Protein chains: 2
Amino acid sequence: MHLQSSLAATRTILRDDFKGRSALTDQASGSSADHLGVAGVRMTWRRNEEIFGEGEPATCVYRVLKGVVRTYRILADGRRQIAEFFLPGEVFGLHARAVHQASAEAVTDCEVVAVRRGQLSERAMTDGATAHKLLALTLHQLLRSEEHMLILGRKTASERLAWFLMDMAERIPAPNRVELPMSRQDIADYLGLTIETVSRTMTQLQDDGVIELPTRRQVVLRERQTLMDLAA
Amino acid sequence: MHLQSSLAATRTILRDDFKGRSALTDQASGSSADHLGVAGVRMTWRRNEEIFGEGEPATCVYRVLKGVVRTYRILADGRRQIAEFFLPGEVFGLHARAVHQASAEAVTDCEVVAVRRGQLSERAMTDGATAHKLLALTLHQLLRSEEHMLILGRKTASERLAWFLMDMAERIPAPNRVELPMSRQDIADYLGLTIETVSRTMTQLQDDGVIELPTRRQVVLRERQTLMDLAA
DNA sequence: CCGCGCATTTGACTCGGATCAAGGCGCGCG
DNA sequence: CGCGCGCCTTGATCCGAGTCAAATGCGCGG
């Protein structure tokens, strides 16, 4: 494995570029109740802006209202592994330590509710239901990451992609059509592949009649069963 | 990727073989308090016996007293991904659903405390500290699995192995020497490699003077810094 | 102490996906 | 409506790890 220096450089530039122009626009509309029963603050980010970075103090837990968020870890030479994409309704930023163990960025322009960790854990201490919900959320994330490990460790490129498409299809309710909110590079870094392999495999699936790609960001699921079988 | 049929067969035989002879010996010594504040039952398993299987109802949460446990997911054709090894003191069996999402087996003969999920969640509902501890355990597991994803998705064989050795060295307190409780196959399935690659990479590290292998199961860390750098 | 079985190592070769390198083209902007 | 910039696709080649096969040797039982 060689240094992906150019990529790394590009990414660094991108991040630094955005980091300055604090785009987290606290909407004056102010606080709205989070589903965890704690008042939260609504915030917005624009595409590719950093929400929090690895190593920063973890002050909040977030719920996506609109848009998509990615969390990831990155190596010194730029190799990146996206741990998860968070879609509307999903919760991210739950970390074991007082410091974030991963970075989070907006995949698309997005709107998020942030809840202070302190308030949350305070409430959880006294309210069993909140504690239970927090645990359930974390366990759900753990379930997903165990499946993700199986995919990263043991599946082929086409199996990975098929699983990804089926997973997205499940999470975004739309019959036999998936609107991908993220780039090919994001998909590659989520599935442990390169952008070229993702592209080629997409093309292959299309040539095989399994999917159709009317647009780069749209996928029509033509043979769901084939995808299911591939996704195993 | 071809079917690893022979391997799969071997594993299936192994599992079925052991499954019958119910070896979970409830020790009459009976219940001893778990650290989660709930009375648990002490149980023992022998090497390679199944503790629970994917799809079985998840009745208990476990803490290892002695020995080592592996949890894993397996594909129809035998490809296996070990999610985690659990060493003495560590807790496993925490799952989001009422059904186990992974299988667990004894890596070595081992002794475990089992706590009923019902009792645990009951206590968690009323006792904030217990709920907090449960959450902390789960978050810790999530932290580890995010790192594991980075390793599986983006690291080379020698980086994976170096990380594994450093991680084991940290978890088993013993200066510059690691006693590996698991086989090469287990290591391979944990790191998303084949047994041959694990073996070759070990040999390479030894030839480079980074480690020493007095026994198959023993590793002497000769150049800790080199390993650290590799593990990144 | 010897022989046997099995985990592990080693060797030769293959191959899936990575890398390196051009194009193509959709989308936004003027 | 045309132009240009990035994203994406496609092509050629390479290489790290997988596969297949065989030898080694450790640990255990007799």
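Keep in mind the model is a prediction, meaning the values are calculated, not measured. Naming: A, B, ... by sequence-line order, numbering from 1 per chain.
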Asker: Is the phosphate of D:dC7 approached by A:Ser183 (side-chain N or O, under 4.0 Å from OP1 or OP2)?
Answerer: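 Result: no.
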
Asker: Does D:dT9 have OP1 or OP2 sitting under 4.0 Å from an N or O in the side chain of A:Arg184?
Answerer: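 Yes, within the criterion.
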
Asker: Do the side chain of B:Ser145 and the main chain of B:Leu142 share a donor and acceptor less than 3.5 angstrom apart?
Answerer: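 Side chain of B:Ser145 to backbone of B:Leu142: a pair is present.
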
Asker: If I take atom CZ in residue B:Arg154 and atom C1' in nucleotide C:dG17, what distance separates them, rounded to the nearest angstrom?
Answerer: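 Between C1' of C:dG17 and CZ of B:Arg154: 11 Å.
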
Asker: What is the separation between atom CG on B:Leu193 and atom C1' on D:dT19, rounded to the nearest whole Å?
Answerer: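 For the pair B:Leu193 CG and D:dT19 C1', the rounded distance is 14 Å.
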
Asker: How many whole angstroms separate atom CD1 of B:Ile195 from atom P of D:dA21?
Answerer: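 Distance, rounded to whole Å: 17 Å.
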
Asker: Expressed in angstrom and rounded to an integer, what is the separation of A:Leu213 atom CG from D:dC7 atom P?
Answerer: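 Computing the A:Leu213:CG to D:dC7:P distance gives 19 Å.
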
Asker: Please report the distance, rounded to the nearest Å, between CE in B:Met182 and C1' in C:dA7.
Answerer: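 It is 15 Å, rounded to the nearest whole Å.
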
Asker: Side chain of A:Glu196 only, heavy atoms from C-beta on: which candidate in D:dG18, D:dG11, D:dG27 is closest?
Answerer: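 The closest nucleotide is D:dG11.
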
Asker: Would you mind reading off the distance between A:Arg216 atom CZ and D:dT10 atom C1', rounded to a whole angstrom?
Answerer: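 From A:Arg216 CZ to D:dT10 C1': 13 Å.
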
Asker: State which residues pass side chain to side chain donor-acceptor pair (under 3.5 Å) with A:Arg70; sequence neighbours excluded, sorted by chain then number.
Answerer: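 If we apply the side chain to side chain donor-acceptor pair (under 3.5 Å) test to A:Arg70, skipping adjacent residues, the hits are A:Asn48, A:Glu105, A:Asp186.
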
Asker: Got a sec? Which of residues 199-212 of chain A come in under 4.0 Å of DNA chain D, heavy atoms?
Answerer: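 Contacts with DNA chain D under 4.0 Å: A:Ser199, A:Arg200, A:Thr203.
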
Asker: Side chain of B:Arg73, backbone of A:Leu150: donor and acceptor closer than 3.5 Å?
Answerer: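 Here the side-chain-to-backbone pair does not exist.
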
Asker: Look at the side chain of B:Arg154 and the backbone N and O of A:Arg80, then say whether any donor-acceptor pair between them is shorter than 3.5 Å.
Answerer: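 Yes, the answer is positive, given that a donor and an acceptor are paired below the 3.5 Å cut-off.
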
Asker: Does OP1 or OP2 of C:dG17 have a side-chain N or O of A:Thr197 closer than 4.0 Å?
Answerer: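 No, A:Thr197 has no side-chain N/O under 4.0 Å of OP1/OP2 on C:dG17.
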
Asker: Using modelled atom types and a 3.5 Å cut-off, is there a donor and acceptor pairing between side-chain atoms of B:Glu56 and backbone atoms of B:Val99?
Answerer: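 Not a single qualifying donor-acceptor pair exists.
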
Asker: Mind calculating the distance between CG (A:Leu191) and P (C:dA18) to the nearest angstrom?
Answerer: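 Rounding to the nearest Å, CG of A:Leu191 and P of C:dA18 are 11 Å apart.
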
Asker: Charged N to carboxylate O under 4.0 angstrom, A:Glu159 versus B:Arg79?
Answerer: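 B:Arg79 and A:Glu159: salt-bridged.
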
Asker: With a 4.0 Å cut-off on heavy atoms, is A:Arg217 in touch with a base, just the backbone sugar-phosphate, or nothing at all?
Answerer: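 Sugar-phosphate only.
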
Asker: Grab the CG-C1' distance between B:Asp189 and C:dA7 for me, whole Å please.
Answerer: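 After rounding, the reported distance stands at 14 Å.
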
Asker: According to ring-ring contact (aromatic ring centres under 6.0 Å, His included), does anything in residues 155-174 of chain B pair up with another residue at least two apart or in another chain? List the pairs.
Answerer: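 Of all non-adjacent pairs touching residues 155-174 of chain B, those that pass ring-ring contact (aromatic ring centres under 6.0 Å, His included) are B:Phe164-B:Tyr190.
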
